[in-house]
Trainee: 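Dropping a structure here in structure tokens format, bear with me for questions.
What you see below is based on every heavy atom in this structure, not just the backbone, and it leaves out hydrogens, waters and symmetry mates. Here is how names work: the chains are called A, B, and so on, in the same order as the sequence lines, proteins then strands, and each is numbered from 1.
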Protein chains: 2
Amino acid sequence: MDTTQRTDQQKSADRRRRELLEAADRVVLRDGPQASMNAIAAEAGITKPILYRHFGDKGGLYAALAKRHTDALLNSLRAALDAPAERRERVEATLDTYLAAIEARPQVYRFLMHPAEGGQVGDQGFDVGKHFAPLLRRMGEELAQVIEDRLDLGPGGQQLARVWGHGIVGMMHAAGDWWLGERPCSRAELVRSLADLLWGRLAAAGDKVGGPGF
Amino acid sequence: MDTTQRTDQQKSADRRRRELLEAADRVVLRDGPQASMNAIAAEAGITKPILYRHFGDKGGLYAALAKRHTDALLNSLRAALDAPAERRERVEATLDTYLAAIEARPQVYRFLMHPAEGGQVGDQGFDVGKHFAPLLRRMGEELAQVIEDRLDLGPGGQQLARVWGHGIVGMMHAAGDWWLGERPCSRAELVRSLADLLWGRLAAAGDKVGGPGF
DNA sequence: ACGTGCGTGTTACTTACGGTAACACCGAGT
DNA sequence: ACTCGGTGTTACCGTAAGTAACACGCACGT
């Protein structure tokens with residue numbers, strides 16, 4: 001019958017797709033975002049056209065791959081954000097979760113942050129702003145939602161929450177990237193410094209002697 | 001004579017180099033980071049090998065090009081940061097300067113943020129963290145220096161300043177990128193919201209009724 | 001049993017780009 | 001007149017994305 005037939009095929013295709021994604025994952029884990037379609041196909045034991053049949057183009061494969069990791073990381077972050085503890089404690093736990101993730105698998109992290117690389121055709125048309133990694137955008141939106149749901153920010157709070165969501169995620173991202181490259185301090189210290197920043201220590205700090213403050 | 005000869009040649013080469021950079025600038029302004037070496041050479045009225053003689057490889061050209069814009073933007077930011085005004089006013093002026101710049105020339109902005117794209121060979125070796133746009137790193141370092149110089153942060157202040165420098169720049173960057181894509185509010189509102197975030201409104205906000213705060 | 005689709009796989013190709021080698025012109029110094 | 005260094009070219013290589021065309025196998029209706 002048509003329905004069962006379609007279901008069987010669907011299941012088979014889905015399993016195949018997952019296998020291909022896992023192969024792609026291994027290659028990306030080894031080669032970073034430079035992983036070529038040929039290499040991924042070889043790792044999966046097949047050839048290029050099959051990849052293209054499943055994912056359309058490189059962007060499609062990368063999007064599917066990114067979605068897996070992004071979903072996983074976002075789940076961890078949500079858990080940290082939802083834990084029963086004081087606000088500052090939860091903020092620190094969330095920061096630490098993110099930093100631990102990028103520390104544990106830097107190649108995956110690189111891939112997630114710069115998935116758009118290497119495309120010489122087709123990418124021409126998309127407007128500014130879209131070039132941002134989907135991970136950052138999604139994290140920003142989710143955090144914005146949490147902020148809006150839980151904090152009383154008065155009138156205009158919704159918009160404020162969105163700005164803050166993206167801003168805080170960007171802060172975390174940039175600081176994490178820099179930290180990962182230079183390792184100037186421990187993870188815990190970084191978390192604490194960033195939380196201090198969010199907690200208004202910038203505004204509260206006194207001027208240094210000899211000039212006007214920053 | 002040898003010296004004058006060398007000087008003449010040097011001047012000629014420098015002028016040529018500047019012409020080439022201006023041509024490259026026009027192409028990047030039109031095509032964004034996807035600008036190809038062929039296109040740039042054509043715009044300059046010459047062919048590829050000349051570009052390679054002047055800049056080594058694509059990375060060299062992009063670095064030279066990025067340096068121009070980065071220097072220009074950093075000068076504007078320094079001016080805003082050094083203006084004689086209250087701390088918050090200067091922070092807002094700096095944020096606004098940055099946002100006005102990326103708003104005015106989005107293609108250049110895109111190019112500056114993702115200069116490493118398109119390289120399929122050679123980029124393999126560089127470690128995590130290096131893939132960050134030089135502009136962000138330089139802004140982060142400069143801001144860190146300003147913070148360290150002007151704010152009294154007590155013991156460990158130097159490290160704190162560096163974390164904050166990169167963190168604040170990342171916040172500005174991410175929020176700006178998101179804002180540029182969605183335009184959810186005016187520039188002034190965005191500036192105000194970000195400054196509020198830096199001024200500790202996150203910590204000061206009350207919980208919403210019905211649940212624990214964020 | 002036999003063709004007929006259809007999904008799965010392949011080889012071989014095109015196109016585009018970064019980068020380079022080899023050759024051509026041209027003006028200055030001996 | 002002859003070389004020499006700088007400027008320019010054409011023509012090529014290697015690699016990677018993406019595609020067209022062909023080949024195998026397996027369930028299906030007749």
Trainee: Tell me, which of residues 46-56 of chain B have any heavy atom that sits under 4.0 Å from an atom in DNA chain D?
Mentor: Ile46(B), Thr47(B), Pro49(B), Ile50(B), Arg53(B)
Trainee: Going by the rule side-chain hydrogen bond (donor to acceptor under 3.5 Å, both in side chains), which residues pair with Asp196(B) if we only count those two or more places apart in sequence or in a different chain?
Mentor: Arg88(B), Arg201(B)
Trainee: Whole angstroms only, please: what is the CD1-C1' distance between Ile40(B) and dG18(C)?
Mentor: 12 Å
Trainee: Which nucleotide sits closest to the side chain of Met37(B): dG9(C), dA17(D), dG18(C)?
Mentor: dG18(C)
Trainee: Taking everything shown except Arg78(A) itself, do over 12 heavy atoms lie less than 6.0 Å from its CZ?
Mentor: yes
Trainee: Under the side chain to side chain contact (heavy atoms under 4.5 Å, CB included) rule, collect the residues that match up with Ala64(A), sequence neighbours excluded.
Mentor: Arg17(A), Leu21(A), Phe55(A)
Trainee: In degrees, rounded to 10°, what is the bend between the two ends of the helix from dA1(C)-dT30(D) to dT30(C)-dA1(D), using five pairs at each?
Mentor: 30°
Trainee: Between Lys58(A) (NZ) and dA16(C) (P), how many Å, whole number?
Mentor: 18 Å
Trainee: Rounded to whole angstroms, how far apart are CG on Leu61(A) and C1' on dA16(D)?
Mentor: 15 Å
Trainee: Listed by chain and number, what are the side chain to side chain contact (heavy atoms under 4.5 Å, CB included) partners of Glu103(A), not counting sequence neighbours?
Mentor: Trp179(A), Leu180(A), Arg183(A), Arg187(A)
Trainee: Tell me the closest heavy-atom pair linking Gln107(A) and Val28(A), and the distance in Å.
Mentor: CB-O, 3.9 Å
Trainee: Suppose the criterion is salt bridge (Lys or Arg N to Asp or Glu O under 4.0 Å): which pairs have a residue in residues 46-56 of chain B, not counting sequence neighbours?
Mentor: none
Trainee: Tell me if a side-chain donor or acceptor on Arg162(B) pairs with a main-chain N or O of Ala144(B) at a distance below 3.5 Å.
Mentor: no
Trainee: Is any side-chain N or O of Arg15(B) closer than 4.0 Å to OP1 or OP2 of dT7(D)?
Mentor: no
Trainee: Just the rounded figure in Å: distance from P of dT15(D) to CD of Gln34(A).
Mentor: 15 Å
Trainee: Before you tell me yes or no, could you show the steps for Arg105(B) and His69(B) under side-chain hydrogen bond (donor to acceptor under 3.5 Å, both in side chains), namely the whole-Å CA-CA distance, both residues' side-chain angles and the distance that decides it to 0.1 Å?
Mentor: CA-CA 11 Å; Arg105(B) 318 219 306 196; His69(B) 289 113; 3.2 Å; yes
Trainee: Mind calculating the distance between CG (Asn38(A)) and C1' (dG14(D)) to the nearest angstrom?
Mentor: 13 Å
Trainee: Whole Å only: how far is the CZ atom of Arg17(B) from the P atom of dT7(D)?
Mentor: 13 Å
Trainee: Working to the nearest 0.5 angstrom, can you tell me the gap between Leu198(B) CG and Trp164(A) CH2?
Mentor: 10.0 Å
